[in-house]
Amino acid sequence: MIIDSHAHIVMPPESFRFMAELIGGRANPHTLPKIPEASVRKVAEELVRTMDSVGTDVQFISPRPYLQMHSVKPGKVTELWSRHCNDLIARFVELFPDRFRGVAGLPQYMDEPLEQRAVPELRRCVEQLGFVGCLINPDPTEGAGPTPPGLGEEFWHPLYQAMVELDVPGLIHSAGSCSARESYTLKFINEESIAIVSLLGAKVFDKFPELKIVVAHGGGAIPYQMGRFRSWNARKGEAVSFDEQLRKLYFDTCNYSKEAIELLIKVAGTDNVLFGTEKPGTGSARDPVSGRDYDDMKPVIESIEWLTSKQRTDIFECNCRRVYSRAFRKDGE
């Protein structure tokens, strides 16, 4: 089985009209959209066809991160939008239960504690909609400031506690960027790098040993700059090597480069890497060398000669089943 652990929903036009109304009216007042079944089915079937074209059996779908509107005031805007996106994902799963799993977007708004909106929405998505994980945006201000607390700080602990209680992992994935010098793609990589250093530096996994965190896009910059962090770790006199600390985290293959993925697997280990493509997304452009889209990642993993058959299966399927332990439970388990 090929499980794509990192993908996002394709939305019908009615959703974007609702988004425009939310932003224009700042959710005061607001009217929730009623999206016809035919509209939802049309975009869901488009996504299934995309999966079939690259040999993907199951996708874990979440809201499109750069459209989460975490920095839009007031917090009610992102609350309504997150709920809409999550409900739409649930409809995809209902239509194609063998092809999709839901990963929740959370209404993170930095001016408020996570217990106010984000944690209740996580519980709703898991307990009522059957979702299997959530997105975590390390910077809900989207670069507009003030500087948010690092993921190692206590601000985030209520979310981690809920994740542990619900047995769901979090996918670190930032959202939009308000900075003219930092596109949202750069923002993704920078925030993932900062998140790793903050989580490990604060010893979060000592406080929450059952917490499961997946870092998107191959882990930002960290797995490719290991020498600097090994040296830093030694200078601090840490008893545990940086390499060993890093393996408390999981990473996906969503960076579209065979060379980088090979290095990621060597650094993180085959048990800590999950197949992910984000298709369709940024990588949905034709590679002139291979003749395939950059996010057609299955042949890339298959072409890494030194992986054993078991290791490939772990990356394609088994690691994802282990980390997203709710994803393939039968009803009642």
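Cluster annotation: Ile315 is connected to Val267 through the hydrophobic network of ILVMFWY side chains, with a link wherever side-chain heavy atoms come within less than 4.5 Å. Residues Leu211 and Val240 are members of separate hydrophobic clusters, defined by side-chain heavy-atom contacts under 4.5 angstrom among Ile, Leu, Val, Met, Phe, Trp and Tyr. No chain of hydrophobic side-chain contacts below 4.5 Å, direct or via other Ile, Leu, Val, Met, Phe, Trp or Tyr residues, connects Leu47 to Val54. Residues Phe96 and Met1 are members of separate hydrophobic clusters, defined by side-chain heavy-atom contacts under 4.5 angstrom among Ile, Leu, Val, Met, Phe, Trp and Tyr. A chain of hydrophobic side-chain contacts below 4.5 Å, direct or via other Ile, Leu, Val, Met, Phe, Trp or Tyr residues, connects Val119 to Trp156.
At a threshold of 4.5 Å between non-hydrogen side-chain atoms, the residues Phe16 and Leu67 count as touching. Residues Lys187 and Ser179 have side chains not in contact (no heavy-atom distance under 4.5 Å, counting atoms from C-beta outward). In this structure, Phe229 and Val197 have side chains that are in contact, with non-hydrogen atoms separated by less than 4.5 Å. No side-chain heavy atom of Thr277 sits less than 4.5 Å from a side-chain heavy atom of Cys254. For the pair Leu32 and Leu80, the minimum side-chain heavy-atom distance is below 4.5 Å. No side-chain heavy atom of Val43 sits less than 4.5 Å from a side-chain heavy atom of Leu88. Looking only at side-chain heavy atoms (C-beta outward), Arg329 and Asp167 come within less than 4.5 Å of each other. Residues His8 and Glu278 meet the side-chain proximity criterion, which asks for heavy atoms closer than 4.5 Å.
Here CD of Gln311 is found 8.5 Å from CG of Asp271. Values are rounded to the nearest 0.5 Å. How far CH2 of Trp232 is from CD of Glu238: 9.5 Å, rounded to the nearest 0.5 Å. If you take CD1 on Ile265 and OG1 on Thr253, they are separated by 8.0 Å, rounding to the nearest 0.5 Å. Atom OG1 of residue Thr185 and atom CG of residue Asn190 lie 11.0 Å apart, to the nearest 0.5 angstrom. Atoms OH and CZ, from Tyr294 and Arg286 in turn, are 11.0 Å apart once rounded to the nearest 0.5 Å. Distance CG/Leu129 to CD1/Ile89: 9.5 Å, rounded to 0.5 Å.
When atom types are taken as modelled, the side chain of Ser82 and the backbone of Thr78 share a donor-acceptor pair closer than 3.5 angstrom. The closest donor-acceptor contact from the side chain of Arg312 to the backbone of Ile304 lies under 3.5 Å. For the pair Ser5 (side chain) and Phe275 (backbone), a donor-acceptor distance under 3.5 Å is present. Listed for the His70 side chain is no donor-acceptor partner under 3.5 Å among the backbone atoms of Gly176. With hydrogens and angles ignored, the 3.5 Å screen pairs a side-chain donor or acceptor of Asn272 with a backbone N or O of Leu249. Proximity of a side-chain donor or acceptor of Thr313 to a complementary backbone N or O of Ser309 within less than 3.5 Å is detected. Here the side chain of Arg99 pairs a donor or acceptor atom with the backbone of Asp57 at under 3.5 angstrom. Between the Arg117 side chain and the Pro107 main chain, no donor and acceptor come within less than 3.5 Å of each other. Side chain of Arg26 to backbone of Val72: no donor-acceptor contact under 3.5 angstrom is found.
Residues passing the ring pair (Phe, Tyr, Trp, His ring centres under 6.0 Å) test with Tyr66, sequence neighbours excluded: Tyr184. Not counting sequence neighbours, the partners of Tyr224 by the side-chain contact (heavy atoms from CB on, under 4.5 Å) test are Asn255, Ala260, Leu263, Leu264.
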Could you go step by step and tell me if Phe188 and Thr282 meet the side-chain contact (heavy atoms from CB on, under 4.5 Å) rule?
CA-CA 12 Å; Phe188 293 169; Thr282 298; 5.6 Å; no
What do the steps show when you test Leu151 against Tyr160 for side-chain contact (heavy atoms from CB on, under 4.5 Å), and what is the final call?
CA-CA 10 Å; Leu151 288 188; Tyr160 300 156; 3.3 Å; yes
Using the side-chain hydrogen bond (donor to acceptor under 3.5 Å, both in side chains) rule, take Asp139 and Ser174 through it: C-alpha gap first, then chi angles, then the decisive distance, then the call.
CA-CA 6 Å; Asp139 180 15; Ser174 73; over 6 Å; no
Would Lys212 and Tyr324 count as a side-chain contact (heavy atoms from CB on, under 4.5 Å) here? Give the steps.
CA-CA 9 Å; Lys212 294 179 287 189; Tyr324 287 86; over 6 Å; no
Checking Ile61 against Phe92 for the side-chain contact (heavy atoms from CB on, under 4.5 Å) test, could you report, in this order, the C-alpha distance in whole Å, the side-chain angles of both residues, the deciding distance, and whether it holds?
CA-CA 9 Å; Ile61 52 173; Phe92 273 48; 3.8 Å; yes
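In this model, no donor atom of one side chain and acceptor atom of the other lie less than 3.5 Å apart for Arg230 and Asn233. When only modelled atom types and interatomic distance are considered, Ser284 and Asp293 share no side-chain donor-acceptor pair under 3.5 Å. Side-chain contact check for Glu262 and Trp306: at least one donor-acceptor pair (N or O, by modelled atom type) lies under 3.5 Å. In the model, Glu142 has a side-chain atom that pairs as donor or acceptor with a side-chain atom of Ser71 under 3.5 Å.
For Met19 against Met69, the heavy-atom pair with the smallest separation is CG-SD, 3.9 Å. Counting all heavy atoms, side chain and backbone alike, Arg292 lies closest to Val300 at NH2-CG2, 3.8 Å. Taking each heavy atom of Met226 and Phe242 in turn, the nearest pair found is CE-CD2, 3.6 Å. Here the shortest heavy-atom pairing between His173 and Pro65 reads CE1-CG, 3.3 Å. Between Gln68 and Leu135, the shortest heavy-atom distance links the atoms OE1-CD1, 3.9 Å. For the residue pair Glu192 and Ala216, the shortest heavy atom distance occurs at OE1-O, 3.2 Å.
At most 12 non-hydrogen atoms from other residues, nucleotides or ligands lie less than 6.0 angstrom from NZ of Lys310. For Glu94, the CD atom is loosely surrounded, since the number of other residues' heavy atoms within 6.0 Å does not exceed 12. Heavy atoms of other residues, nucleotides or ligands lying less than 6.0 angstrom from CZ of Arg322 number more than 12. Sparse packing is recorded around NZ of Lys42, with 12 or fewer heavy atoms of other residues, nucleotides or ligands lying under 6.0 Å away.
Of the options Gln116, Lys76, Lys73, a side-chain contact (heavy atoms from CB on, under 4.5 Å) to Tyr109 is made by Lys73 and by none of the others.
A salt bridge is absent between Lys34 and Glu14: the closest approach of a Lys/Arg side-chain nitrogen to an acidic carboxylate oxygen does not fall below 4.0 angstrom. A salt bridge between Glu154 and Lys207 is absent, with no side-chain N of the basic residue lying under 4.0 Å from a carboxylate O of the acidic one. A salt bridge does not link Asp4 with Lys279: every distance from a Lys NZ or Arg NE/NH1/NH2 to an Asp or Glu carboxylate oxygen is 4.0 Å or more.
Note on residues 121-133: pairs passing side chain to side chain donor-acceptor pair (under 3.5 Å), not counting sequence neighbours, are Asn86-Glu121, Asp87-Arg124, Glu121-Arg124, Arg123-Glu165.
The distance between the ring centers of His30 and Phe18 does not fall below 6.0 angstrom.
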